[in-house]
Amino acid sequence: MTKLPRTHVPGTSRERIREWLASPEIDAEFLGEDLKFTLVLLDQYEPGVDRILAERAELGELSWLGGPALGPLEQWPRNVDGEPLAHIATIHLSEAQALLESDDFTEADWPEPGARLPESGYLEVFHHLGTYGNPEDEDTAGWLVRYVPFPGEEFPPLISAPDDLDLPHEVCQPVLLGAGVSLPRSVDFVDADEARFAAAERVQEELYATWMAWRRGVEAVTDPVLPTSHVYGHSDAGTGYAHDILHQVRPLTGSEDAYVLVLSVESWTHFDGWFGDAGNFEVWMRASDLRSGQFDQAWCMIRTDH
(Lines give C-alpha, C1' and ligand atoms only; values in the text may rest on other atoms or scores of the structure.)
Protein backbone atom coordinates (compact mmCIF):
# COMPACT_ATOMS: atom_id res chain seq x y z
CA MET A 1 0.00 0.00 0.00
CA THR A 2 1.24 3.48 -0.89
CA LYS A 3 2.45 5.60 2.01
CA LEU A 4 1.11 9.15 1.98
CA PRO A 5 1.93 12.00 1.77
CA ARG A 6 4.48 11.38 -0.95
CA THR A 7 6.07 14.80 -0.40
CA HIS A 8 6.64 17.19 2.49
CA VAL A 9 3.86 19.82 2.46
CA PRO A 10 5.30 23.13 3.76
CA GLY A 11 3.08 25.50 5.70
CA THR A 12 5.18 28.25 7.25
CA SER A 13 6.27 30.15 4.14
CA ARG A 14 4.32 31.37 1.11
CA GLU A 15 7.48 31.12 -1.00
CA ARG A 16 8.14 27.51 0.04
CA ILE A 17 4.51 26.53 -0.55
CA ARG A 18 4.68 27.94 -4.08
CA GLU A 19 7.98 26.15 -4.70
CA TRP A 20 6.34 22.90 -3.57
CA LEU A 21 3.38 23.46 -5.90
CA ALA A 22 5.75 24.09 -8.81
CA SER A 23 7.87 21.00 -8.12
CA PRO A 24 7.82 18.18 -10.73
CA GLU A 25 6.19 15.81 -8.23
CA ILE A 26 3.21 18.14 -7.68
CA ASP A 27 3.05 20.23 -10.89
CA ALA A 28 0.22 22.48 -9.70
CA GLU A 29 1.75 25.93 -9.76
CA PHE A 30 -1.60 27.53 -10.68
CA LEU A 31 -3.00 26.72 -7.22
CA GLY A 32 -0.53 29.17 -5.70
CA GLU A 33 -2.88 31.98 -6.72
CA ASP A 34 -5.26 31.07 -3.88
CA LEU A 35 -3.25 30.10 -0.81
CA LYS A 36 -5.03 30.35 2.53
CA PHE A 37 -3.90 29.86 6.10
CA THR A 38 -5.86 27.24 8.00
CA LEU A 39 -6.06 25.78 11.50
CA VAL A 40 -6.63 22.04 11.49
CA LEU A 41 -8.40 20.36 14.40
CA LEU A 42 -6.17 17.56 15.68
CA ASP A 43 -8.08 14.90 17.59
CA GLN A 44 -5.12 13.34 19.40
CA TYR A 45 -6.80 13.29 22.82
CA GLU A 46 -9.01 10.58 24.22
CA PRO A 47 -12.70 11.50 23.85
CA GLY A 48 -14.83 12.71 26.73
CA VAL A 49 -15.29 15.69 29.01
CA ASP A 50 -12.72 14.35 31.51
CA ARG A 51 -9.90 15.45 29.21
CA ILE A 52 -11.30 18.99 29.13
CA LEU A 53 -11.60 19.07 32.92
CA ALA A 54 -8.09 17.68 33.38
CA GLU A 55 -6.66 20.40 31.16
CA ARG A 56 -8.52 23.05 33.14
CA ALA A 57 -7.17 21.60 36.37
CA GLU A 58 -3.69 22.42 35.03
CA LEU A 59 -4.88 25.94 34.07
CA GLY A 60 -5.00 25.05 30.40
CA GLU A 61 -7.86 25.07 27.93
CA LEU A 62 -8.78 23.10 24.82
CA SER A 63 -11.13 23.31 21.89
CA TRP A 64 -13.65 20.50 21.46
CA LEU A 65 -16.23 19.04 19.11
CA GLY A 66 -19.71 18.12 20.37
CA GLY A 67 -19.97 17.73 24.12
CA PRO A 68 -21.02 20.47 26.54
CA ALA A 69 -21.57 24.12 25.76
CA LEU A 70 -20.15 27.08 27.62
CA GLY A 71 -21.93 29.20 30.16
CA PRO A 72 -23.28 31.71 30.68
CA LEU A 73 -26.22 30.40 28.67
CA GLU A 74 -29.64 31.65 29.74
CA GLN A 75 -31.28 28.77 27.92
CA TRP A 76 -30.14 26.13 25.50
CA PRO A 77 -30.65 27.39 21.91
CA ARG A 78 -33.71 26.05 20.07
CA ASN A 79 -35.16 26.58 16.62
CA VAL A 80 -38.52 28.22 15.94
CA ASP A 81 -40.28 24.87 16.46
CA GLY A 82 -38.78 24.57 19.94
CA GLU A 83 -36.35 21.78 18.99
CA PRO A 84 -32.93 22.00 20.69
CA LEU A 85 -29.85 22.62 18.59
CA ALA A 86 -26.82 20.33 18.72
CA HIS A 87 -23.57 21.72 20.07
CA ILE A 88 -21.08 21.36 17.22
CA ALA A 89 -17.89 23.03 18.39
CA THR A 90 -16.16 25.26 20.90
CA ILE A 91 -12.95 26.84 19.57
CA HIS A 92 -10.40 28.30 22.00
CA LEU A 93 -9.43 31.53 20.26
CA SER A 94 -6.32 32.35 22.28
CA GLU A 95 -4.73 29.17 20.92
CA ALA A 96 -5.77 30.17 17.40
CA GLN A 97 -4.25 33.63 17.81
CA ALA A 98 -1.00 32.23 19.19
CA LEU A 99 -0.61 30.10 16.07
CA LEU A 100 -1.34 33.09 13.82
CA GLU A 101 1.41 35.04 15.58
CA SER A 102 3.93 32.19 15.58
CA ASP A 103 7.61 33.05 15.10
CA ASP A 104 7.70 30.23 12.53
CA PHE A 105 6.18 32.67 10.02
CA THR A 106 8.83 34.98 8.59
CA GLU A 107 6.97 36.63 5.69
CA ALA A 108 4.78 39.72 6.11
CA ASP A 109 2.13 38.32 3.76
CA TRP A 110 1.90 34.86 5.39
CA PRO A 111 -0.48 34.05 6.94
CA GLU A 112 -2.35 36.17 4.41
CA PRO A 113 -3.88 39.41 5.76
CA GLY A 114 -7.63 39.31 6.21
CA ALA A 115 -10.55 39.22 8.62
CA ARG A 116 -9.94 36.95 11.61
CA LEU A 117 -11.76 35.74 14.68
CA PRO A 118 -11.25 37.63 17.99
CA GLU A 119 -7.86 37.19 19.63
CA SER A 120 -9.23 35.66 22.83
CA GLY A 121 -12.37 34.02 24.16
CA TYR A 122 -14.25 31.30 22.33
CA LEU A 123 -16.19 30.68 19.15
CA GLU A 124 -19.18 28.47 19.86
CA VAL A 125 -21.43 26.85 17.26
CA PHE A 126 -24.82 25.15 17.57
CA HIS A 127 -26.90 23.71 14.73
CA HIS A 128 -30.18 21.91 14.10
CA LEU A 129 -29.21 18.73 12.28
CA GLY A 130 -32.30 18.82 10.08
CA THR A 131 -31.52 22.32 8.79
CA TYR A 132 -29.30 22.44 5.71
CA GLY A 133 -28.76 26.17 5.28
CA ASN A 134 -30.89 26.75 2.20
CA PRO A 135 -32.22 30.30 1.61
CA GLU A 136 -35.62 29.34 3.05
CA ASP A 137 -33.92 28.52 6.37
CA GLU A 138 -33.27 32.22 7.05
CA ASP A 139 -35.87 32.63 9.82
CA THR A 140 -35.86 29.14 11.35
CA ALA A 141 -33.27 29.85 14.08
CA GLY A 142 -31.62 26.68 12.80
CA TRP A 143 -28.18 27.62 14.11
CA LEU A 144 -26.41 29.82 16.60
CA VAL A 145 -22.86 31.10 16.17
CA ARG A 146 -21.70 33.15 19.12
CA TYR A 147 -18.61 34.69 20.65
CA VAL A 148 -18.00 33.96 24.34
CA PRO A 149 -15.50 36.32 26.02
CA PHE A 150 -12.97 34.98 28.50
CA PRO A 151 -12.18 37.53 31.22
CA GLY A 152 -9.14 35.54 32.32
CA GLU A 153 -10.25 34.95 35.90
CA GLU A 154 -11.96 31.56 35.74
CA PHE A 155 -13.06 29.27 32.96
CA PRO A 156 -16.67 29.48 31.80
CA PRO A 157 -18.84 26.69 33.23
CA LEU A 158 -19.72 23.66 31.08
CA ILE A 159 -23.42 23.28 30.28
CA SER A 160 -24.89 19.88 29.36
CA ALA A 161 -27.43 19.54 26.56
CA PRO A 162 -31.13 19.16 27.44
CA ASP A 163 -32.64 15.69 27.69
CA ASP A 164 -34.84 16.21 24.64
CA LEU A 165 -31.89 16.72 22.26
CA ASP A 166 -31.96 13.75 19.88
CA LEU A 167 -28.54 12.97 18.36
CA PRO A 168 -27.36 10.15 16.07
CA HIS A 169 -24.81 9.38 18.82
CA GLU A 170 -22.93 11.30 21.49
CA VAL A 171 -19.74 13.16 20.57
CA CYS A 172 -17.28 14.91 22.88
CA GLN A 173 -13.87 15.13 21.24
CA PRO A 174 -11.19 17.49 22.60
CA VAL A 175 -8.86 18.83 19.91
CA LEU A 176 -5.63 20.76 19.50
CA LEU A 177 -5.21 23.35 16.77
CA GLY A 178 -2.43 23.07 14.23
CA ALA A 179 -1.30 25.68 11.68
CA GLY A 180 -1.25 24.69 8.03
CA VAL A 181 -1.92 25.73 4.46
CA SER A 182 -5.17 25.28 2.56
CA LEU A 183 -5.61 25.13 -1.22
CA PRO A 184 -8.69 24.90 -3.45
CA ARG A 185 -10.18 21.42 -3.56
CA SER A 186 -10.47 19.32 -6.70
CA VAL A 187 -14.26 19.75 -6.80
CA ASP A 188 -13.65 23.38 -7.75
CA PHE A 189 -11.97 22.17 -10.96
CA VAL A 190 -14.49 19.65 -12.27
CA ASP A 191 -15.11 21.91 -15.28
CA ALA A 192 -11.42 22.60 -15.91
CA ASP A 193 -9.22 20.66 -18.31
CA GLU A 194 -8.14 17.16 -17.31
CA ALA A 195 -4.59 18.19 -16.36
CA ARG A 196 -5.73 20.88 -13.92
CA PHE A 197 -8.31 18.64 -12.31
CA ALA A 198 -5.71 15.86 -11.88
CA ALA A 199 -3.24 18.33 -10.36
CA ALA A 200 -5.86 19.60 -7.91
CA GLU A 201 -6.68 16.01 -6.92
CA ARG A 202 -2.98 15.30 -6.38
CA VAL A 203 -2.58 18.32 -4.11
CA GLN A 204 -5.75 17.49 -2.20
CA GLU A 205 -4.51 13.97 -1.52
CA GLU A 206 -1.20 15.30 -0.22
CA LEU A 207 -2.95 17.83 2.04
CA TYR A 208 -5.45 15.33 3.43
CA ALA A 209 -2.72 12.77 4.04
CA THR A 210 -0.56 15.33 5.84
CA TRP A 211 -3.42 16.32 8.12
CA MET A 212 -4.39 12.70 8.81
CA ALA A 213 -0.79 11.94 9.77
CA TRP A 214 -0.82 14.91 12.17
CA ARG A 215 -4.04 13.64 13.72
CA ARG A 216 -2.57 10.20 14.28
CA GLY A 217 0.87 11.41 15.33
CA VAL A 218 2.62 9.42 12.60
CA GLU A 219 4.85 10.19 9.63
CA ALA A 220 2.63 8.67 6.95
CA VAL A 221 -0.78 7.08 6.34
CA THR A 222 -2.33 4.88 3.66
CA ASP A 223 -5.49 5.19 1.56
CA PRO A 224 -8.18 6.22 2.02
CA VAL A 225 -7.33 9.74 3.15
CA LEU A 226 -10.16 11.77 4.64
CA PRO A 227 -10.89 15.46 5.17
CA THR A 228 -9.94 17.06 8.48
CA SER A 229 -12.05 19.63 10.31
CA HIS A 230 -10.53 23.10 10.15
CA VAL A 231 -10.87 26.81 10.88
CA TYR A 232 -10.41 29.16 7.88
CA GLY A 233 -9.17 27.88 4.53
CA HIS A 234 -11.19 26.32 1.71
CA SER A 235 -14.39 24.31 1.61
CA ASP A 236 -13.92 20.55 1.24
CA ALA A 237 -17.23 20.50 -0.65
CA GLY A 238 -16.25 23.31 -3.03
CA THR A 239 -16.96 27.03 -3.02
CA GLY A 240 -19.37 27.30 -5.96
CA TYR A 241 -22.60 26.14 -4.32
CA ALA A 242 -21.79 27.85 -1.01
CA HIS A 243 -21.16 31.20 -2.70
CA ASP A 244 -24.37 30.87 -4.73
CA ILE A 245 -26.34 30.53 -1.48
CA LEU A 246 -24.38 33.27 0.28
CA HIS A 247 -24.94 35.76 -2.53
CA GLN A 248 -28.68 35.28 -1.98
CA VAL A 249 -28.77 35.44 1.81
CA ARG A 250 -25.71 37.55 2.72
CA PRO A 251 -24.82 39.76 -0.28
CA LEU A 252 -21.37 41.28 -0.10
CA THR A 253 -21.33 44.87 1.11
CA GLY A 254 -18.89 46.10 -1.53
CA SER A 255 -15.89 45.28 -3.67
CA GLU A 256 -13.62 45.00 -0.61
CA ASP A 257 -15.86 42.44 1.11
CA ALA A 258 -15.46 38.66 0.79
CA TYR A 259 -16.82 35.38 2.12
CA VAL A 260 -14.76 33.68 4.83
CA LEU A 261 -15.03 30.02 5.76
CA VAL A 262 -14.90 30.26 9.54
CA LEU A 263 -15.29 26.56 10.36
CA SER A 264 -15.55 23.27 8.46
CA VAL A 265 -16.40 20.03 10.28
CA GLU A 266 -16.12 16.64 8.56
CA SER A 267 -18.48 13.73 9.25
CA TRP A 268 -16.28 10.79 8.30
CA THR A 269 -15.05 10.13 11.84
CA HIS A 270 -16.53 11.48 15.09
CA PHE A 271 -19.63 13.03 13.50
CA ASP A 272 -20.50 10.07 11.29
CA GLY A 273 -24.23 10.31 10.57
CA TRP A 274 -24.66 13.82 11.97
CA PHE A 275 -24.54 15.76 8.69
CA GLY A 276 -26.38 13.55 6.24
CA ASP A 277 -24.51 11.01 4.16
CA ALA A 278 -20.85 12.01 4.56
CA GLY A 279 -21.78 15.69 4.48
CA ASN A 280 -19.68 18.59 5.71
CA PHE A 281 -20.83 21.20 8.16
CA GLU A 282 -19.68 24.74 7.37
CA VAL A 283 -19.89 28.17 9.01
CA TRP A 284 -19.51 31.14 6.66
CA MET A 285 -19.31 34.87 7.37
CA ARG A 286 -18.75 37.99 5.37
CA ALA A 287 -15.37 39.52 6.14
CA SER A 288 -17.17 42.75 7.03
CA ASP A 289 -19.28 40.93 9.65
CA LEU A 290 -16.28 39.05 11.02
CA ARG A 291 -14.33 42.28 11.50
CA SER A 292 -17.25 43.92 13.33
CA GLY A 293 -18.06 40.85 15.43
CA GLN A 294 -21.56 40.36 14.02
CA PHE A 295 -21.72 36.63 14.60
CA ASP A 296 -25.51 36.68 14.30
CA GLN A 297 -24.90 37.20 10.57
CA ALA A 298 -23.07 33.89 10.19
CA TRP A 299 -24.62 31.39 7.78
CA CYS A 300 -24.36 27.66 8.47
CA MET A 301 -24.71 24.85 5.93
CA ILE A 302 -24.76 21.08 5.90
CA ARG A 303 -23.11 20.31 2.55
CA THR A 304 -24.40 17.18 0.87
CA ASP A 305 -24.20 18.67 -2.64
CA HIS A 306 -20.70 17.42 -3.52
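Below, all heavy atoms of this structure are taken into account, side chains as well, without hydrogens, waters or symmetry copies.
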- Task: Compare all side-chain heavy atoms of Asp223 with those of Glu205 and state whether any distance is below 4.5 angstrom.
- Result: yes
- Does a donor on one side chain and an acceptor on the other come within less than 3.5 Å for His234 and Ser182? yes
- Residue pair Met285 / Trp299, side-chain heavy-atom distance below 4.5 Å: no
- Would you please classify the geometry between the His243 ring and the Tyr259 ring as parallel, tilted or perpendicular, with 30° and 60° separating the classes? tilted
- Query: Is there a donor in the side chain of Glu112 and an acceptor in the side chain of Trp110, or the other way round, less than 3.5 Å apart?
  - Reply: no
- Gln294 side chain reached by Leu290 side chain, heavy atoms, under 4.5 Å: no
- Message: Using every non-hydrogen atom in the two residues, find where Thr304 and Gly276 come nearest and quote the distance to one decimal.
- Response: CG2-CA, 4.4 Å
- Go through the steps for Lys36 and Tyr232 under the test side chain to side chain contact (heavy atoms under 4.5 Å, CB included), then give the verdict. CA-CA 8 Å; Lys36 293 184 187 296; Tyr232 306 133; over 6 Å; no
- Message: Assess, by modelled atom type and distance only, whether the side chains of Thr7 and Glu25 contain a donor and an acceptor separated by less than 3.5 Å.
- Response: no
- Check: Leu183 main-chain N/O paired with Arg185 side-chain donor or acceptor under 3.5 Å: yes
- Could you check if a side-chain atom of Leu39 sits within less than 4.5 angstrom of a side-chain atom of Phe37, using non-hydrogen atoms only? yes
- Query: What is the minimum heavy-atom distance between Trp214 and Ala179, and which atoms define it?
  - Reply: CH2-O, 3.4 Å
- Item | Distance (rounded to the nearest 0.5 Å) between Arg14 CZ and Thr106 OG1 | 12.0 Å
- Closest approach of Gly238 to Asp188 (non-hydrogen atoms, all atoms of both residues): CA-OD1, 3.4 Å
- Task: Would you indicate whether the side-chain heavy atoms of Phe275 and Leu129 approach each other to under 4.5 Å?
- Result: yes
- Query: Does Val148 share a hydrophobic cluster with Leu123, counting links as ILVMFWY side-chain heavy atoms below 4.5 Å and allowing steps through other members?
  - Reply: no
- Report the C-alpha separation of Val181 and Thr38 in whole Å, then their side-chain angles, then the decisive distance to 0.1 Å, and conclude whether the side chain to side chain contact (heavy atoms under 4.5 Å, CB included) test is met. CA-CA 6 Å; Val181 61; Thr38 192; 5.8 Å; no
- Message: For Thr253, is there any backbone N or O sitting under 3.5 Å from a side-chain donor or acceptor partner on Asp257?
- Response: yes
- Message: Checking Glu124 against His87: is there a side-chain donor and acceptor pair closer than 3.5 Å?
- Response: yes
- Heavy-atom count around Asp163 CG within 6.0 Å, excluding the residue itself: above 12? no
- Query: Where do Asp164 and Arg78 land on the salt bridge (charged side-chain N to carboxylate O under 4.0 Å, His left out) test, with the steps shown first?
  - Reply: CA-CA 11 Å; Asp164 61 336; Arg78 295 174 180 266; 2.8 Å; yes
- Query: Trp76 side chain to Ile159 main-chain N or O, any donor-acceptor pair under 3.5 Å?
  - Reply: no
- Query: When clusters are formed by joining ILVMFWY residues with side-chain heavy atoms under 4.5 Å apart, either directly or through shared neighbours, do Leu53 and Leu65 land in the same one?
  - Reply: no
- Message: Assigning hydrophobic clusters by single linkage (Ile, Leu, Val, Met, Phe, Trp, Tyr; side-chain heavy-atom cutoff under 4.5 Å), is Leu165 placed with Leu70?
- Response: no
- Between atom CD of Gln297 and atom CZ of Arg286, what is the distance when rounded to the nearest 0.5 Å? 5.5 Å
- Taking atom types as modelled, is there a side-chain donor on His270 or Ser267 under 3.5 Å from an acceptor on the other? no
- Query: Aromatic rings Trp211 and Tyr208: how do their planes relate, parallel, tilted or perpendicular, breaks at 30° and 60°?
  - Reply: tilted
- Is Arg303 reaching over with its side chain to a backbone N or O of Asn280, donor-acceptor style, under 3.5 angstrom? no
- Message: Could you check whether Phe197 and Phe189 have their ring centres less than 6.0 Å apart?
- Response: no
- Query: When the aromatic ring centroids of Trp64 and Tyr45 are compared, is their separation below 6.0 Å?
  - Reply: no
- Could you please spell out the steps behind the side chain to side chain contact (heavy atoms under 4.5 Å, CB included) verdict for Leu263 and Val265? CA-CA 7 Å; Leu263 178 67; Val265 180; 3.9 Å; yes
- Task: For Asp296, look at atom CG and say whether over 12 heavy atoms of other residues, nucleotides or ligands are found less than 6.0 Å away.
- Result: yes
- What distance do Gln248 atom CD and Glu138 atom CD have between them, rounded to the nearest 0.5 Å? 11.0 Å
- Check the side chains of Ser13 and Glu107 for a donor-acceptor pair under 3.5 angstrom, ignoring hydrogens and angles. yes
- Message: Counting neighbours of CD on Glu194 that are heavy atoms of other residues, nucleotides or ligands and sit closer than 6.0 Å, is the number greater than 12?
- Response: no
- Just by distance, with hydrogens left out, do Arg215 and Thr228 show a side-chain donor and acceptor under 3.5 Å apart? yes
- Query: Are there more than 12 heavy atoms of other residues, nucleotides or ligands under 6.0 Å from atom CD of Glu136?
  - Reply: yes
- Message: With rounding to the nearest 0.5 angstrom, report the CG to OH distance, Leu117 to Tyr122.
- Response: 14.5 Å
- Glu29 side chain vs Arg18 backbone, donor-acceptor pair below 3.5 Å: no
- Message: Ignoring hydrogens and geometry beyond distance, is a side-chain donor-acceptor pair present between Thr131 and Trp143 at under 3.5 Å?
- Response: no
- Message: Using the rule given for side chain to side chain contact (heavy atoms under 4.5 Å, CB included), can you reason through Leu62 versus Leu176, listing the C-alpha separation, both sets of side-chain angles and the distance that settles it, and then say yes or no?
- Response: CA-CA 7 Å; Leu62 295 171; Leu176 286 170; 4.1 Å; yes
- Item | Test item: His127 and Phe281 side chains (from C-beta on) under 4.5 Å apart, heavy atoms | yes
- Query: So, does Ser229 use its side chain to make a donor-acceptor pair with the main chain of Glu266 at under 3.5 Å?
  - Reply: yes
- Message: Any side-chain to backbone donor/acceptor pair from Asp81 onto Glu83? Under 3.5 Å, distance only.
- Response: no
- Side chains of Glu119 and Ser94: does their closest heavy-atom pair fall under 4.5 Å? no
- Any donor-acceptor N/O pair, Asn79 side chain to Gly82 backbone, under 3.5 Å: yes
- Message: So, taking the atom named CD1 in Ile17 and the one named OG1 in Thr12, what distance separates them when rounded to the nearest 0.5 Å?
- Response: 7.5 Å
- Can a salt bridge be assigned to the pair Arg202 and Glu206 using a cut-off of 4.0 Å between side-chain N and carboxylate O? no
- Message: Could you tell me if the side chain of Cys172 sits less than 4.5 Å from the side chain of Ile52, heavy atoms only?
- Response: yes
- Query: Using 4.0 Å as the upper bound for N to carboxylate O, is an ion pair formed by Asp289 and Arg291?
  - Reply: no
- Task: Return the minimal non-hydrogen interatomic distance between Pro156 and Phe150, and the atom names on each side.
- Result: CD-CD1, 4.1 Å
- Task: Treat each ILVMFWY residue as a node, draw an edge where side-chain heavy atoms are under 4.5 Å apart, and state whether Val49 and Val171 are in one component.
- Result: no
- Inter-residue atom distance Glu201.CD - Arg196.CZ, 0.5 Å rounding: 15.0 Å
- Nearest heavy-atom pair of Ser120 and Tyr147: which atoms, and what distance? O-OH, 2.9 Å
- Note on the structure: For Val225 and Met212 the tightest heavy-atom approach is CA-SD, 3.3 Å
- Query: For Arg16, does the CZ atom sit with more than 12 other heavy atoms under 6.0 Å from it, leaving out its own atoms?
  - Reply: no
- Would you check if the distance from the ring center of Trp20 to the ring center of His8 is below 6.0 Å? no
- Are the side chain of Asp137 and the backbone of Asn134 linked by a donor-acceptor contact shorter than 3.5 Å? yes
- Glu282 side chain to Ser235 side chain, donor-acceptor N/O pair below 3.5 angstrom: yes
